[in-house]
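The chains referred to below are lettered A, B, ... by the order of the sequence lines, with proteins before strands, and numbering in each begins at 1.
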Amino acid sequence: MAVFVYTLVLLLAAFCVHVCVWKIRLPRNHSKTLMFIFLSVLAIGILGAFVWGKIWIGMEGFGEYFQIIAAYVAVMLAYIVTYSGIEVDSPSLVMVLDVDRAGPEGLTQECFIRDMNNERLVLPRINDLLKGGLAELDNGLYRLTPKGKAVARLFCFYRWLLGKKHKGG
Amino acid sequence: MAFMQAVLPVWVFAEMVIIQILLSRLVFKQSLLKTVIVSFCAGLCVLVFQEYLYFHSAGASLALIDAAGYGLLHLMTYAALAYCYMHFINLGETARRIRLVRELHESPGGLSLEQILKCYNAGVILENRLGRLLNNRQIVLKGGRYYLQGRFMIFAARSVLALKEFLLGRGSEFDLPKDQDRS
């Protein structure tokens with residue numbers, strides 16, 4: 001049980017550091033900063049376990065370290081992918097909130113269309129591609145960078161693997 | 001702790017991915033959500049069974065409280081990995097950035113803003129999302145008006161909104177943070 005509790009304590013510590021940093025000042029690159037905070041806390045935690053682990057947590061061998069790292073990294077990644085949904089507005093969630101706000105009278109399609117335009121839904125994501133180094137703008141044309149091509153190939157391959165033909169989005 | 005027992009959640013996760021791919025290609029061709037739920041449950045059954053076998057064979061050498069601790073840790077690891085995987089395949093299906101990257105990938109010579117908006121625009125996004133929300137019975141269309149049906153999406157939407165306000169100090173990426181708003 002000590003190994004499980006120790007992992008939870010490390011995750012909680014990382015989350016507290018993250019909230020403190022965010023309350024002081026929002027970082028420029030949220031995901032990278034989150035990754036840095038979580039990995040730093042993990043490094044300190046593993047070092048602590050290595051030095052005092054045998055007495056405090058009953059750490060016996062590589063198996064325990066592996067389990068702490070695997071659980072911690074899995075939860076860290078789960079939080080970071082969830083955070084990406086917090087950072088930008090998901091149209092589906094915005095639509096559900098709009099229908100919820102409309103209450104028992106419901107919402108017409110015109111109301112959806114009024115607020116959901118290219119300026120709100122598409123242009124910010126194109127700018128994200130430029131900022132994230134996935135695409136570049138050259139003579140008025142958007143082209144993928146090598147990083148963007150790698151991302152595109154990965155998702156195209158996975159969609160082929162799952163047998164998806166519809167374009168999605 | 002045996003090495004194979006330590007890597008069990010990662011191993012079961014790999015099995016879950018294979019089951020999900022097979023289900024998606026062979027059984028539930030139209031519903032990604034169903035493939036994820038069924039493969040997650042199948043993996044969970046394998047994980048619980050393997051845990052039981054291990055702790056049963058360990059006998060008195062492992063205290064019940066430690067067995068419970070390892071079980072919870074493995075469950076947490078497996079659930080978090082499955083969640084990340086679900087998010088990954090969902091990105092390929094629904095994310096606007098990924099759809100834009102795929103559109104650009106199909107045109108190696110590049111696309112102008114007008115060309116991008118011709119094939120992928122707010123109308124397409126709205127149509128896709130409304131289709132998914134209606135198919136998954138999160139909202140319902142009655143007499144030309146949309147009403148909320150499923151409670152899960154509204155719970156998720158409110159949770160995300162609360163986290164946004166707590167961490168970023170704003171409810172939307174287009175709102176100014178509260179401190180800037182006041183100034």
Side-chain angles (χ1 to χ4, degrees), chain A residues 1-4 7 22 26 61 63-64 66-67 70-71 74-75 77-78 81 85-86 88-89 91-93 95-97 99-100 106-108 112-113 116-118 120-122 124-126 128-129 134-135 138 140-144 148-149 151-152 155-156 158-159 161-164 167-169, chain B residues 1-3 6 9-10 21 24-25 29 65-66 68-69 72-73 76-77 80-81 83-84 87 89 92-94 96-102 104-105 110-112 116-117 120-122 124-126 128-129 133 138-139 144-148 153-154 156-157 160-161 163-164 167-168 172-174:
Chain A
M1 187 56 95
V3 174
F4 174 64
T7 311
W22 259 239
L26 286 177
E64 274 83 4
F66 179 84
Q67 285 181 96
V75 175
L77 292 176
V81 297
I86 294 170
V88 298
D89 291 345
S92 300
L93 292 187
M95 287 158 83
V96 168
L97 283 170
V99 180
D100 184 44
L107 198 70
T108 60
F112 274 138
I113 294 166
M116 303 280 181
N117 47 39
N118 288 331
R120 192 178 176 115
L121 294 181
V122 188
R125 299 295 79 84
I126 294 177
D128 285 347
L129 296 185
L134 295 173
D138 183 26
L141 290 177
Y142 290 90
R143 283 194 193 91
L144 288 183
K149 283 178 189 164
V151 171
F155 281 98
C156 287
Y158 216 83
R159 285 178 62 81
L161 201 62
L162 295 176
K164 293 286 153 199
K167 276 194 158 181
Chain B
M1 160 125 325
F3 179 72
V10 181
I21 292 169
S24 181
R25 287 195 80 97
K29 292 180 183 172
I65 187 96
D66 287 332
L72 286 171
L73 195 67
M76 185 170 86
T77 310
L81 288 173
Y83 175 80
C84 291
H87 198 85
I89 54 174
E93 188 65 15
T94 67
R96 288 166 287 167
R97 268 175 284 197
I98 301 302
R99 170 70 190 262
L100 287 166
V101 163
R102 279 168 39 221
L104 291 174
H105 187 60
L111 289 173
S112 66
I116 293 174
L117 292 177
Y120 190 55
N121 51 51
V124 175
I125 295 172
L126 205 64
N128 285 346
R129 309 254 161 173
L133 288 171
Q138 300 296 340
I139 59 171
R145 285 178 171 269
Y146 294 97
Y147 299 90
L148 212 56
M153 273 298 274
I154 191 61
V160 168
L161 188 67
L163 265 173
K164 255 180 207 268
L167 288 171
L168 306 177
S172 161
E173 64 179 302
F174 300 100

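- Of the two parts of B/Ile98, only the side chain, counted from C-beta on, holds a non-hydrogen atom closer than 4.5 Å to a non-hydrogen atom of chain A.
- Two residues are said to be in side-chain contact when any heavy atoms from C-beta on lie closer than 4.5 Å; B/Met76 and A/Val75 meet this criterion.
- Here A/Gln67 contributes atom CD and B/Thr77 contributes atom OG1; the two are 7.5 Å apart, rounded to the nearest 0.5 Å.
- Counting heavy-atom pairs closer than 4.5 Å to chain B, the top-ranked of the candidates A/Val151, A/Val96, A/Leu107, A/Val99 is A/Leu107.
- Heavy-atom distances place both the backbone and the side chain of B/Tyr146 under 4.5 Å from chain A.
- A/Tyr142 places a side-chain heavy atom less than 4.5 Å from the side chain of B/Ile116.
- Contact tally against chain A (heavy-atom pairs below 4.5 Å) for B/Val10, B/Val101, B/Leu117, B/Ile89: the top residue is B/Val101.
- Taking all atoms of both residues into account, the shortest heavy-atom contact from B/Leu168 to A/Ile86 is CD1-O, 3.8 Å.
- Contacts with chain B were tallied for A/Phe155, A/Phe66, A/Trp22; A/Phe155 has the most, counting heavy-atom pairs under 4.5 Å.
- Here the CE atom belonging to A/Met95 is positioned 12.0 Å from the CG atom belonging to B/Leu148, to the nearest 0.5 angstrom.
- Using a 4.5 Å heavy-atom threshold, the side chains of A/Val81 and B/Tyr83 count as touching.
- Within the 4.5 Å cutoff, the side chain of B/Tyr120 has no heavy atoms near those of the A/Ile126 side chain.
- Under the 4.5 Å side-chain criterion, counting only non-hydrogen atoms from C-beta, A/Leu129 is in contact with B/Arg97.
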For B/Leu161 and A/Leu97: C-alpha separation, side-chain torsions, deciding distance, then whether side chain to side chain contact (heavy atoms under 4.5 Å, CB included) applies. CA-CA 9 Å; B/Leu161 188 67; A/Leu97 283 170; 4.3 Å; yes

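- Here the side chains of A/Leu141 and B/Leu111 are not in contact, with every heavy-atom distance at 4.5 Å or above.
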